[in-house]
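Just so you know, these numbers use all the heavy atoms, side chains as well, and skip hydrogens, waters and symmetry mates.
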Amino acid sequence: MPPRTRSGRGKKTDSLSASTPIESESKFTASSLPPGAEVEQLAGSSYNEQSHSFQEGDEEHITKRTRVDDEKLQTPTRNPVAPVFSSRSPTRVTGNYVGAGVGFASIKGARNQKFCKVDKTLVCRGFWDYVDSVGRVHLPRRFGKTYNLSTMRLFFSSSLELDETQDIPDDVIEGGVAGLSVAEICRKKREWLFRDSILKKEDPDFFEQHFGKHPVIFLSFSRCRGPDFVDFLSQLGDVMIKAYNNWLFDFEEAKTALPEAANRAKLRLDNRTRKYDESKENPEYILGYKRLALDIFEDFSMLSRRHFGRRHILLADEYDVPFITVYQSDWSASQKQDALTILKSLFGFMFKDDTSREKGLMAGVFPISLGDLGSGANNFRDVTMVPTKQSELNYIGALGASQHTMGGIDELVDSFGFNRSEVGSLAEIVLAPHKHLHNQIEDVMWTIKQWYDGYQLYRFGGKYNPWSVCFYFNSLIQSISDAESYSDEDISMLIKSSAQNYWDETGSPGLIEKQMELYPGEFCTLANELFREYALYSNLQPLTSMPHDALVELPLAKFRLSDLTTGHFNRDALLSLALYAGYLTVRSPTTVGIPNGELRCVWESILTRMLLRSTSDSQCRLEKGKLLKELHRGKTDYLCQLIKSSCSVLANHKNHKEFEYANIAVVTINCAARYGVITHPDQPDISSFDYTINRESASGQGNVDWVTLLHSTANVRNAFGMVVEFKHIPDDQVESSRAGRGKAKRGFKQISDKHYNMTMDRCVECIHVGMSIGRGVVHAESQLYKRDSSDAEWIEVDTLL
């Protein structure tokens, strides 16, 4: 781990729960704040500098006003190519219980604890300032899109929004609810949600002018994934019916009268919804009402305008889902065309022709070029991870660029994802009750940075994946529930082992997997390039000093879903797809790369199903513990079979060098390890943190190609290690077994000559493997070793069983 420096102590006025005071001997104090951070004191809380403890006021929360350039932070960074820009906006985190997927109106979690929530209320002002008519946000899954749309809905809406506020307990209203109407109760609950928000404190005039003053139509297209055309039409209609029913529920509870013109619109809309309900009893009838979703929305939009007397704000979540459903479907050509025509008309009206709309915002993962569909609704203001203008490209890697503008696009963009200050505030709250972690705050932050940082959003670098950060904190806290008896070394191991791939578990790669299945060889070659670039970049090698062929170029062509259906491999389209989906990030104005450790695991998981797919009907069956059992016998046949099965994917492509075959070999074993092939029989389940696989690890007198360590656990006493040195077999020598075995012996000898087994300092059992790889050929030379203790001499053995 790179060396770290500790920042100087600053005055701290944050407040924490009185039930979790910070111990006086703990280092978990202001020194863990980013250098240069200014801390804003809250009314009702005070800080005792002598005891390093906090006296609690009315609420447990942290507020910080930061003016920190990320490139100036003393915490370690991999490369100063994607700085976080200075932010004059404060950071505020409330609650004491971290839960992933928490909504803006979510209040309490397990054991009645208050959910931790990062204040993103400035997104409302950013949206209002930046979006003149219609905006689009294209970000990966779990990056805060739905959360922020919910925040805007609850802020702007003049309706009751009962479906959003019904879980908020009545006791949050001061003085109780006796004598209050339903409308008054709902408004007071929403006021309570925003009571200490950054938006209200920073801009009370904006808050007063817009809070609860606008009709809001909220549409979620997340369920428009019908397996057939009829189901798709039905689900599209359900989106509109749900929005209308929400309004109707609020209207009926509010017990207000409708103007005559609005009442006529309501009657017409009721007739349409009744017609729709009747058609669902016989789904085939829906085919006769292909305009039904559009007709319902048109009437609903008119009803809203006449009811509220002003134009509405339209918020559309996951708007790209119905388009992706059509592109991926196996429907007939006429059905696909009909579906696109329906979507063209619907979105063209909602975001272009509807005169009752004041502003609109669409959120999704992939950009849909509605102009290609002929709707004319394509003049949008976009927020995306993929730069679309030269001015945006210029920001990437530009140290000392202009500061956060505190408004407009900067405020809108910075509301998505977590920045370092927000992650630091979460860490302070979550780790405060666990005093044995107070001395480990830097290790925690470093681990989070390695695994979940690295995204570039517009001109802001250093963006963290919110979903995975929250899951990491949850996993860490659960792991140390009985950590009083753990040593510092055990705690350090838990900090690292809690970092896993949480993001990929929430969905399927979908479009990317489909491309992988169609073009496995090309995909494997691209993945190999990405792994190589990431290995160099994550080892702190500046981009400017990397070999040119190690860089992966940024695709310049504009992304279209239709580019994936051309019948041939489109490298630029796949790279663009991966960028929008969050599998890659923009590394520099001309290059892309894997953002962090979590996404490296995601890429490895995708490759697992491709590289090892051929093993299902061969000798390489992925049985639990099979590889480890063979290695304990000193045998490498199964190891060679696994690696040969994956390297054969490259057999029909260009000549590959030693490091490329070595990368594929390491990825293959890491993928197989996920299925438990190196899991000890005494281990009850398969855990990725029970083993470590490293590429190009410094050891002895050089860098060893591949090291695998199986750690001691409660069930497995002896830590086991494997050291592998690769040698490449040129194409003109692959037919010669003698040449292949000779190169394997040379790699085996290099391990001893250069003392590569020094990386096994905690192991008592190990195997050295010299391996030669060529086109469709793998050879290995190996020897087992054992010792009585970690400081004893190694001795050769024939078996470890």
Side-chain angles (χ1 to χ4, degrees), residues 136 138 141 145-146 217-246 269 272-301 314-352 354 360 362-375 377 507-515 560-565 577 580-581:
R136 296 190 302 181
H138 299 122
R141 290 177 293 108
K145 300 186 295 294
T146 301
I217 297 178
F218 178 85
L219 305 174
S220 175
F221 292 91
S222 61
R223 297 185 180 275
C224 293
R225 307 174 188 268
D228 57 53
F229 183 49
V230 174
D231 285 333
F232 176 76
L233 293 180
S234 176
Q235 291 163 355
L236 202 60
D238 287 343
V239 173
M240 306 303 157
I241 294 297
K242 182 178 179 180
Y244 171 62
N245 285 339
N246 285 339
L269 191 53
R272 291 196 189 281
T273 57
R274 185 164 50 252
K275 180 180 179 181
Y276 173 74
D277 290 338
E278 292 171 354
S279 68
K280 292 190 71 173
E281 295 178 3
N282 187 343
E284 293 298 327
Y285 289 171
I286 294 180
L287 294 174
Y289 308 126
K290 294 180 180 180
R291 273 187 51 93
L292 194 60
L294 175 57
D295 290 340
I296 292 173
F297 183 83
E298 286 181 343
D299 288 340
F300 183 34
S301 175
L314 178 58
L315 304 176
D317 196 17
E318 300 195 52
Y319 87 97
D320 55 337
V321 168
F323 293 94
I324 295 172
T325 297
V326 175
Y327 277 110
Q328 286 191 297
S329 72
D330 56 0
W331 308 340
S332 68
S334 61
Q335 288 178 328
K336 284 190 174 185
Q337 186 58 50
D338 284 347
L340 291 177
T341 300
I342 291 167
L343 292 174
K344 173 196 70 174
S345 301
L346 178 61
F347 280 84
F349 177 78
M350 291 193 301
F351 291 102
K352 175 180 174 286
D354 188 5
M362 290 180 275
V365 176
F366 303 108
I368 304 300
S369 182
L370 299 179
D372 293 346
L373 302 178
S375 70
S508 167
L511 290 172
I512 290 181
E513 272 207 342
K514 193 167 186 178
Q515 293 297 300
R560 288 181 173 86
L561 284 175
S562 57
D563 293 336
L564 303 175
T565 58
L577 180 76
Y580 280 107

Counterpart residues, side chain to side chain donor-acceptor pair (under 3.5 Å), relative to [X] (two or more places apart):
X      : value
Ser329 : none
Lys275 : none
Thr146 : Asp317

[X] [atom1] to [Y] [atom2] distance, which is reported to the nearest 0.5 Å:
X      : Y      : atom1 : atom2 : value
Asp231 : Arg225 : CG    : CZ    : 14.0 Å
Ile368 : Arg136 : CD1   : CZ    : 8.0 Å
Thr273 : Ile296 : OG1   : CD1   : 7.0 Å
Glu318 : Arg223 : CD    : CZ    : 10.0 Å
Ile241 : Leu236 : CD1   : CG    : 11.0 Å
Ile217 : Tyr244 : CD1   : OH    : 12.5 Å

Residue pair Asp338, Lys290: steps toward the salt bridge (Lys or Arg N to Asp or Glu O under 4.0 Å) verdict: CA-CA 9 Å; Asp338 284 347; Lys290 294 180 180 180; 2.9 Å; yes
Is there a donor-acceptor pair closer than 3.5 Å between any side-chain N or O of [X] and the backbone N or O of [Y]?
X      : Y      : result
Ser301 : Phe297 : no
Tyr319 : Pro367 : no
Thr325 : Cys224 : yes
Ser234 : Val230 : no
Arg291 : Ser345 : no

Parallel under 30°, tilted from 30 to 60°, perpendicular over 60°: which one fits the rings of His138 and Tyr580? perpendicular
Applying ring-ring contact (aromatic ring centres under 6.0 Å, His included), can you list everything that pairs with Phe229, at least two apart in sequence or on another chain? Trp331
Mind checking ring-ring contact (aromatic ring centres under 6.0 Å, His included) for Phe221 and listing every partner two or more places apart, or none if nothing turns up? Phe347
Taking 4.0 angstrom as the limit, do Asp299 and Arg272 come out as a salt bridge?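 Answer for the salt bridge query: yes.
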If we only count heavy atoms from C-beta on, is the [X] to [Y] side-chain gap below 4.5 Å?
X      : Y      : value
Phe351 : Met362 : yes
Leu314 : Leu219 : yes
Lys344 : Leu340 : no

Is the count of non-hydrogen atoms from other residues, nucleotides or ligands lying under 6.0 Å from Lys336 atom NZ greater than 12?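 Check passes, neighbour count above 12.
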Can you sort out the partners of Gln328 under side chain to side chain contact (heavy atoms under 4.5 Å, CB included), two or more places apart, ordered by chain and number? Ile324, Leu511, Lys514
Heavy-atom pair of closest approach, residues Tyr276 and Gly237: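 For Tyr276 versus Gly237, the nearest heavy atoms are OH-C, 3.6 Å.
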Which atoms form the tightest heavy-atom contact between Val326 and Ala339, and what is the distance?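 Where Val326 meets Ala339 most closely, the heavy atoms are CG2-CB, 3.7 Å.
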Could you walk me through whether Phe349 and Glu298 pass side chain to side chain contact (heavy atoms under 4.5 Å, CB included), step by step? CA-CA 8 Å; Phe349 177 78; Glu298 286 181 343; 3.5 Å; yes
